[in-house]
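First the structure, in the form of structure tokens, and then the observations on it.
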Amino acid sequence: MQLSALGFVTPSALTLATLVTRELRDDSRITPERAGQMGRILNRERVSQLPWGEQQAVLDAISKGRFQMADGSWREARLPSRASADVSDEEALILAFAPDAAMADSEYADSALALYRLARERSGFQQTAGTFAEWASLMSDPEKQAAMLNYVQKGAQGPALGDTLARNRPNWLPERSDELRSSPLVARIAPDDLPTLLGRLYPEEQRKRWSITFEQENDDHEEPRTMDGRVDPATFFERLHDWWKKEARKERVQSDRDAYPEDFHPRLLTDQSGDDERIGWFTFFALGIFRTIGRSDDQQHRNFIAAAVRDGWWAEMASAQLPDSPEPWVRRLEDFAQADAWRIEFPQWRRALVDLYVVARWLPEYIDLALTLPAIVRKHGSITLSDVWRPSASPLWQRRGLEGAPLTQSLGLGANWLVREAVRHNVWSVEDSTIMRPYGWASTARVRSLFANNLGIDLGPEANMDLSPEIYAQVEAHIGDRAIFLGDLDLPLQIVAHGRRVEVLQALLHGPTPFDFDNNTSTDDDEDWAS
């Protein structure tokens, strides 16, 4: 007050954001050396401890800095360098084809790299399929071209990028799929993965090719359709079985590779103990729950878990002693509440933490429930899965005394997926798997649409885990004991209905079917398992 009386203005508060702004006022260029100095003070831990408003101000101030790129230019923070020690699998795929102007100089390391990543969170750099397509239009290096095609096949934004490149084809990408198939650009892509790439880059060509083939084949054959354009269900399911009998081995490998993280497989569940058992079953239930996430696919579920395992917190969460020791879960929630949560990787999957907490909280009971379920079916006959997954409320479990929060809503159609995969991978005995067959069929939107529009079978307007026995009964009524599809239940049906083998579906619907699918293609499954 004495200073004010003498005419001095009240000094403004000195914050970290103010210091950063002053530091960059005269020169916004942040060299690797300067970034290292600033990064020792402005690290993630320190920023996270600031009040919310100051966190935002600090991130905004840092984002205005300009960093040296690998080509010598100065730009906002973009991608790290290829030499960075902490790149994720997704970043590694992108860095393989990114231009030098989009990645940091390799001198940004340790605390300098940490500051660079903080600046990246608000830099405005768009890591999107549109950005990648712009790079493609200027790309001349065959190595980077091949790396981009590898990303189309493997990357999180691969389907979107493939669609963009198909609509705006760069001059180095062949006009026809046959040309790309024989090009050195795909020499490093496994033969089993090539159909996925071709399906994403040449969707219209594949559709036209099969349309012409069908017209030619059907000239001298009676069309197996009714007057209203529907296909005889028995014919369809017989063709589906014949195709699966020929292709099952390859398709199983592809499905399991897409669905399961490294070092996990359902067949190991009954042989594990201790923490390994908890982690394995936690992963299995999580994969079921993730099927309620809209517009997602198996590879994204797998990649999220792989990232969590790599970061060290998946096992911590699965093994936490709940509710007494929730610290690993609290740390994850705190991470999600940080200032950069809007840019966090896998946001939809992280929002499933509440459901995953329920699984971890009652995991021993849910494991018991899953392993005991065939005995319950054997005792009571027909059951509903929606009742099964309410252990505390369901009379099915009263004598066993099972307790646990309901999982019916959390699992959705993932409940049918869990049954199918347990049957396929011998989690239960052969006898128990036989009893559980009617419950491993998911009424996804694509399956319901296929049944209604092409087969004349109405499964209703909404997905429901309890529709599974009805789907199985419909298939069994038309092809008898072949309805189990060599023990894989609805797997071949889901594959063709959800677009992974669009040309096979066309052959099944239009016929006749030689089943010499050398040109198998696939498209991204963007359908919600819960829709």
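A salt bridge between Asp242 and Lys246 is absent, with no side-chain N of the basic residue lying under 4.0 Å from a carboxylate O of the acidic one. Using a 4.0 Å cut-off between charged nitrogen and carboxylate oxygen, Asp89 and Lys154 do not count as a salt-bridge pair. With salt bridges taken as basic N to acidic carboxylate O contacts below 4.0 Å, one links Arg188 and Glu143. A salt bridge does not link Arg501 with Glu247: none of the charged nitrogens is closer than 4.0 Å to a carboxylate oxygen.
Looking at heavy atoms from C-beta onward, Leu508 lies out of side-chain contact with Val231 at the 4.5 angstrom threshold. Residues Arg249 and Leu486 have side chains not in contact (no heavy-atom distance under 4.5 Å, counting atoms from C-beta outward). Side-chain atoms of Glu316 and Arg331, non-hydrogen and from C-beta on, do get closer than 4.5 Å to each other. Counting heavy atoms from C-beta on, the side chains of His498 and Asp297 never come closer than 4.5 Å. Two residues are said to be in side-chain contact when any heavy atoms from C-beta on lie closer than 4.5 Å; Leu165 and Pro170 meet this criterion. Side-chain contact check for His301 versus Asp258: every heavy-atom pair is 4.5 Å or farther apart. You'll find the side chain of Ser255 reaches within 4.5 Å of the side chain of Leu491, heavy atoms only.
The aromatic rings of Phe132 and Phe97 lie perpendicular to each other, with more than 60° between the two planes, well past the 30° mark. The aromatic rings of Phe282 and Trp314 sit tilted, their planes meeting at an angle between 30° and 60°.
If you take OH on Tyr108 and CG on Leu115, they are separated by 9.0 Å, rounding to the nearest 0.5 Å. Distance check: Ile495 CD1 to Asp488 CG gives 8.5 Å after rounding to the nearest 0.5 Å. Rounded to the nearest 0.5 Å, atoms OG (Ser319) and CD (Glu277) are 11.0 Å apart. Note that CZ of Arg332 is 14.5 Å distant from OH of Tyr357, once rounded to the nearest 0.5 Å. For the atom pair OG1 (Thr292) and CG (Leu411), the distance works out to 8.5 Å, reported to the nearest 0.5 Å. Atoms CZ and CD1, on Arg66 and Ile30 in that order, are 9.5 Å from each other to the nearest 0.5 Å.
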Steps toward salt bridge (charged side-chain N to carboxylate O under 4.0 Å, His left out) verdict (Arg420, Asp490): CA-CA 8 Å; Arg420 186 192 77 191; Asp490 79 340; 3.0 Å; yes
field: Test salt bridge (charged side-chain N to carboxylate O under 4.0 Å, His left out) applied to Arg167 and Asp163, step by step
entry: CA-CA 6 Å; Arg167 287 185 282 106; Asp163 180 65; 3.0 Å; yes
message: Assess the residue pair Glu76 and Lys64 against the criterion (salt bridge (charged side-chain N to carboxylate O under 4.0 Å, His left out)); give the C-alpha distance rounded to whole Å, side-chain angles, the decisive distance to 0.1 Å, and a yes or no.
response: CA-CA 7 Å; Glu76 76 280 6; Lys64 293 178 172 60; over 6 Å; no
Side chain to side chain donor-acceptor pair (under 3.5 Å) between Ser73 and Asp71, worked out: CA-CA 6 Å; Ser73 62; Asp71 68 344; 2.6 Å; yes
message: Is there a ring pair (Phe, Tyr, Trp, His ring centres under 6.0 Å) between Phe284 and Trp417? Walk through the geometry before answering.
response: CA-CA 10 Å; Phe284 194 41; Trp417 181 86; 5.7 Å; yes
- request: Go through the steps to decide whether Asp193 and Arg257 satisfy the test salt bridge (charged side-chain N to carboxylate O under 4.0 Å, His left out), and finish with yes or no.
  value: CA-CA 11 Å; Asp193 293 332; Arg257 183 171 60 187; 2.7 Å; yes
task: Give the intermediate values and the outcome of side chain to side chain contact (heavy atoms under 4.5 Å, CB included) for residues Phe264 and Val309.
output: CA-CA 11 Å; Phe264 170 81; Val309 170; over 6 Å; no
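Not a single donor-acceptor pair under 3.5 Å links the side chain of Ser449 to the backbone N or O of Ala445. With Trp135 contributing its side chain and Pro99 its backbone, the two residues share no donor-acceptor pair below 3.5 Å. A donor-acceptor pair is defined here as one N or O able to donate and one able to accept, closer than 3.5 Å; such a pair exists between the side chain of Asp27 and the backbone of Arg29. Looking at Lys144, its side chain never comes within 3.5 Å of a backbone N or O of Met139 through a donor-acceptor pair. Checking side-chain atoms of Thr131 against main-chain N and O of Gln127 turns up no donor-acceptor pair under 3.5 Å. Ser182 places a side-chain N or O within 3.5 Å of a backbone atom of Glu179 that can act as its donor or acceptor partner.
Shortest non-hydrogen contact noted between Trp441 and Asn416 is O-CG, 3.5 Å. Residues Ala497 and Val447 approach most closely at CB-CG2, 4.0 Å, considering heavy atoms. Listed here is the closest heavy atom pair of Ala318 and Arg278: O-NE, 2.8 Å. Between Ala136 and Trp172, the shortest heavy-atom distance links the atoms O-NE1, 2.8 Å. Looking at every heavy atom in both residues, Leu413 comes nearest to Ala463 through CD1-CB, 3.8 Å. Considering every non-hydrogen atom in both Leu356 and Ala286, the closest pair reads CD2-CB, 3.6 Å.
Remark: the Asn303 side chain and the Gln299 side chain contain no N/O donor-acceptor pair separated by less than 3.5 Å.
Residue Glu327 qualifies as enclosed at atom CD: its count of foreign heavy atoms under 6.0 Å is above 12.
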Name the atoms and distances for all side-chain donor-acceptor pairs under 3.5 Å in residues 146-153, with sequence neighbours left out.
| residue | atom | partner | partner atom | Å |
| --- | --- | --- | --- | --- |
| Tyr151 | OH | Glu90 | OE2 | 2.5 |
| Tyr151 | OH | Gln157 | N | 3.1 |

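For Ala77, the side-chain contact (heavy atoms from CB on, under 4.5 Å) criterion is met by Phe67, Tyr116, Ala119, Arg120, Ser123, not counting sequence neighbours. Applying the ring-ring contact (aromatic ring centres under 6.0 Å, His included) rule to Trp244 yields no partners; only residues at least two apart in sequence or on another chain are considered.
Ring centers of Phe485 and Trp243: at least 6.0 Å apart, outside the cut-off.
Exactly one residue among Arg82, Arg117, Arg78 makes a salt bridge (charged side-chain N to carboxylate O under 4.0 Å, His left out) with Glu91. That residue is Arg117.
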